[in-house]
Every structure is written in structure tokens, then in C-alpha cells.
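Below is one structure, written out as C-alpha cells, with a few remarks after it.
For the numbers below, each heavy atom of this structure counts, side chains included, while hydrogens, waters and symmetry mates do not.
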Amino acid sequence: MGIINTSDILETIGMITAENLDVRTVTMGISLLDCIDPDPKRACEKIYNKITTKAARLVPVVEDISREYGIPIVNKRISVTPIAMLLGAAPDADPVDYAKALDAAAKKVGVNFIGGFGALVHKGFSNGDERLIRAIPEALAQTDLVCSSVNIGSTKSGLNMDAVRLMGQIVHDTAARTADNMCLGAAKLVVFCNAPEDNPFMAGAFHGVGEPDCEIHVGVSGPGAVRAALAKLPKDAPLDEVAELVKRTAFKITRLGQLVANLASERLGMPAGIIDLSLAPTPAIGDSVANILEEMGLESCGCCGTTACLALLNDAVKKGGVMASNHVGGLSGAFIPVSEDDGMIKAATCGSLSIEKLEAMTAVCSVGIDMVVIPGDTTPEVIGALIADEAAIGMVNSKTTAVRVIPAIGHKAGDTLDFGGLLGYAPIMPISTWKPDVFIHRGGRIPAPMQALKN
């Protein structure tokens, strides 16, 4: 770790006690490829047994580290191989049974969430993919801890518009199936372009096929610490000084994550995977990415200048983090989820932040349309078109983009949906109701852009 001076230690302690600095998650990635079985009952038993064996000590070990070092570690999670890959070998299986096996295993070992009930369909559907996707509404309604993600496009392959059309319907149906519970199913479902195979954050975490059998990923956080550091700068400090301060703060935050990753890896006897540098906000006052942008000099997040401020923030966080860890991965940017960020909630409520502005902001950060609540009568075609827009930004810019949108069944724009806990609450944002139906029903593929030919 090198030489650490006393003032750095005291500063980090201050970030933890006063500025909501925490390690957001320690996520264990587990491969389920050796659980493939044509007998669905046996496959589910293998899944349950492997997870409960490999992750048996995850929660107590992480809690011990948290206690010993005084570092708040908010979530313990598991990510697994996309379940659609296991379903291909079992043509008669009900995918919901696999989701229930994941849920039972997650509850047994005591984690907060388990991710990987998903499919990778950026170039088309293989055996098991479409069955899994169609089972998502029921699977998320019948489980508590299971999260789902579907990758529908990539820079190398273009966009699978048949999958986009299907996901518009699935997002709508998942919200409808959990309408009696704040449409919560849709909050546990994310649609990706360029999905990373080592992301520790939910709902998008899954264990990619190129990963080892088991590994430990850490997702750091700390928007409150970045905002507090910027608050000490004079209001006329030039922007290169702002960037330098963000970079130094991100370095310290990432060092904390690297320490936790090293300790957890050693104690659990499995390799450390990646540190994800994403600034992940919470509904707590001050722990907000929107507040960082406002600290840079914006009256309200969403006004003109927001995209430029977010670009500076994202780049500086990455530069600081890369110096602190050799293995940076996952999403590593700034999350801008509306319901989970007190500043974003206020900006959306007062009208300075719109869905169109969030889409523009996606061009410079990881996940732009995230935990956005839209009116319940939004059509599946409009949802599909929103997914296509976000995915196009990711595809053309060779970056990860994603949509986690919640149609609030039975509610209209201006109402509020309250999820409670880490998911927070959000105003229902208006969305364009002009119809993209003909475009969405064409299907087929949007070809890969020229950037795909880099090699």
C-alpha cells in the first residue's frame, strides 16, 4: 500500500463519519457453468449447493472487516453466470424455478441481492434466452433478492432490435406484475448495451463467461466526500483545480476499496476481481451526485452546463481511481439514478431535470436513465424506443449504457412513487407520448457502427 501519512488517515476517517463515505458493495462472482444439467430439479439443487458453499462465509467475513477497520460496507451481494446459459441444456425447465433457487441460496447466506437472472442477446437469441426473458416478470414477482439484466447491444455487434422490442414489453409487464408493491420488479431489472462482465452493482451484476470460477469485486462510493471537498474550494477556482481535487479525492476513496478487496480476497481464499469506481449516491442528504454538479456552480442539476460538469466529474474520478488500483472495472463512472439521489429527486421535482437531459448526460456517464419513474400508461413501444436511444449512445461511443425505468402502473406524471430503503422515492417524470411504434415493430438489427472495426 506504500507509505500513508497521518493527515490522509484522518481525512479518510472524516469522510466516513461526516460525509457518508462507504464501500457500497462487496460482490462475490460465482460461475454456475458446472451446474448445467438437463434435469431442471438437479440443476436447481446444484445452483443452490454451489452458491451456499462458495458464499457461506461472505457475509461474516465482510462484517468482520467492516468492524475491524471501521469502514462501513453497505451491501454484500452475489453475481452469477447468466441463467439463460443453463436453460439451453434443459428445454423443459421453468426459468422461474431457477430464480427461486437463486433467491433461496441468497437468503441462506444472508446477502442483500443476487444478480444474474439474465441473458446476453446482443446478436440474437440462443436456446434458453427467450424463455428466460419472457419469465422475468414472474421471476421478479415471486422472489425478493433476485435481480435481472439483459444485454441487447454492443459496439461490436450493433443493436438487437427484436430484443429491444421484447424488453419494452417485459419492463412494462414486470411493473404491472408487481403493481401492488410499488412496481418494484422493474427496479430490479436493467437493460444494457455493452454490459461489463464484472460489474458489482445491482441490478446489472452478472458473472461473465471470461471470469474465474469465483472472485471478489468491490464497488466504492463517496459522492458526499467529493461534494464536501469541492465545498472548500473558492467559488472562482478554475475548473482544472476542480478536476484536480476530484481526482485526489477519488484516489483516496478507491484506496479504501482496494484495501477491502485485498482483505476479503485473502480471508475468503479467492482472487480479487475489480474495483468499480462508480460514485453511487443514496437518498441521504448530501450523498448526491447532483449536489456535486451544483457545487461546481449550477443552480440546479439539469440546467445548461450539467452535461459538461458531469463529463469533468466522470473523467476525474476515473483518473484518480486508476492511480489507486491496478484492476479497475465494472462501470466505473458516476451513477445518476433519480430515486436514489436526493439532489436528483429535487431537480426532477422542480422541473430542471428532464428525461431528455438525463439521456444527454448518458453520453458522458455510465447509466443515465436509472431508477427513473414514468407514467403507468407509457406504452411498451415507447419504453423500447427509450431503451434503443440509450443503447445507441453506448454503441456509438464504445461505452456501457443502461436503462432501469419503472412504469408506475395506475399513476400519472407529477405523482410520487416511494420504494423505501436504498431505492428511495421519485417523482413520476413526463415522457414523450409521440409514437415510435412503426420503428420498434420493424425488428431486425441496427448494424454495428464504424467504431466496431477498430481492430
Side-chain angles (χ1 to χ4, degrees), residues 84 118-125 129-130 132-134 136-137 148-175 186-187 189-196 203-204 307 331 333 336-338 354-407 429-452:
L120 307 175
V121 292
H122 37 284
K123 224 168 174 180
F125 300 95
D129 288 336
E130 197 167 339
L132 180 127
I133 290 171
R134 292 191 184 281
I136 286 172
S148 182
S149 62
V150 176
N151 192 59
I152 52 82
S154 76
T155 299
K156 289 285 187 190
S157 64
L159 305 184
N160 178 353
M161 293 303 291
D162 295 321
V164 167
R165 179 180 59 204
L166 179 55
M167 287 313 299
Q169 188 67 55
I170 294 299
V171 169
H172 178 276
D173 293 354
T174 303
L189 170 60
V190 60
V191 188
F192 274 114
C193 176
N194 290 321
T307 309
L331 293 158
I336 48 173
V338 174
S354 66
I355 286 180
E356 291 76 16
K357 188 62 178 178
L358 283 167
E359 186 186 314
M361 291 161 75
T362 307
V364 298
C365 80
S366 314
V367 183
I369 308 291
D370 188 19
M371 289 304 290
V372 169
V373 188
I374 56 175
D377 60 359
T378 306
T379 66
E381 287 83 2
V382 168
I383 297 168
L386 180 65
I387 291 167
D389 283 344
E390 282 287 287
I393 291 172
M395 172 183 75
V396 170
N397 292 296
S398 305
K399 66 194 290 299
T400 304
T401 52
V403 172
R404 186 165 49 145
V405 66
I406 298 101
M429 299 175 77
I431 186 169
S432 172
T433 53
W434 296 95
K435 292 179 178 164
D437 300 23
V438 173
F439 163 65
I440 288 298
H441 285 287
R442 284 179 185 273
R445 269 166 64 198
I446 292 181
M450 281 300 293
Q451 287 90 318

Which atom pair, heavy atoms only, marks the closest approach of [X] to [Y]?
{"X": "L159", "Y": "A388", "result": "CD1-O, 4.0 Å"}
{"X": "C193", "Y": "A391", "result": "SG-O, 3.4 Å"}
{"X": "A187", "Y": "I406", "result": "N-CG1, 3.9 Å"}
{"X": "D129", "Y": "A84", "result": "OD1-CB, 3.1 Å"}
{"X": "E359", "Y": "I393", "result": "O-CD1, 3.4 Å"}
{"X": "A203", "Y": "L189", "result": "CB-N, 4.0 Å"}

Counting only pairs under 3.5 Å, give me each side-chain donor-acceptor contact of residues 371-380, with atom names and distances, residues two or more places apart or in other chains.
| from | atom 1 | to | atom 2 | distance (Å) |
| --- | --- | --- | --- | --- |
| T378 | OG1 | P375 | O | 2.7 |
| T379 | OG1 | V382 | N | 3.2 |

Any side-chain heavy atom of [X] sitting closer than 4.5 Å to one from [Y]?
{"X": "V403", "Y": "V171", "value": "no"}
{"X": "R165", "Y": "Q169", "value": "no"}
{"X": "L386", "Y": "I355", "value": "yes"}

Looking at [X] and [Y], would you say the former's side chain and the latter's main chain have a donor-acceptor pair under 3.5 Å?
{"X": "T400", "Y": "N194", "result": "yes"}
{"X": "K399", "Y": "T362", "result": "yes"}
{"X": "N151", "Y": "G153", "result": "yes"}
{"X": "R404", "Y": "G204", "result": "no"}

field: Residue of the set V121, I152, T174, D162 for which side-chain contact (heavy atoms from CB on, under 4.5 Å) holds with M167
entry: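 Filter result, single survivor: I152.
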query: Can you tell which of D389, V338, L358 makes a side-chain contact (heavy atoms from CB on, under 4.5 Å) with I369?
result: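 It is L358, the one option of D389, V338, L358 that forms the side-chain contact (heavy atoms from CB on, under 4.5 Å) with I369.
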message: Evaluate M395 against T401 for side chain to side chain contact (heavy atoms under 4.5 Å, CB included), listing each step before the verdict.
response: CA-CA 8 Å; M395 172 183 75; T401 52; over 6 Å; no
field: Listed partners of E381 passing side-chain hydrogen bond (donor to acceptor under 3.5 Å, both in side chains), at least two apart
entry: H441
statement: The reported gap from OG in S157 to CD1 in I446 (rounded to nearest 0.5 angstrom) is 11.5 Å
message: Please report the interatomic distance CZ(F192) to NE2(H122), rounded to the nearest 0.5 Å.
response: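 It comes to 13.0 Å.
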task: Report yes or no: do K123 and S154 form a side-chain donor-acceptor pair below 3.5 Å?
output: no
task: Apply side-chain contact (heavy atoms from CB on, under 4.5 Å) to A448 and list each qualifying residue two or more places apart in sequence or on a separate chain.
output: A452
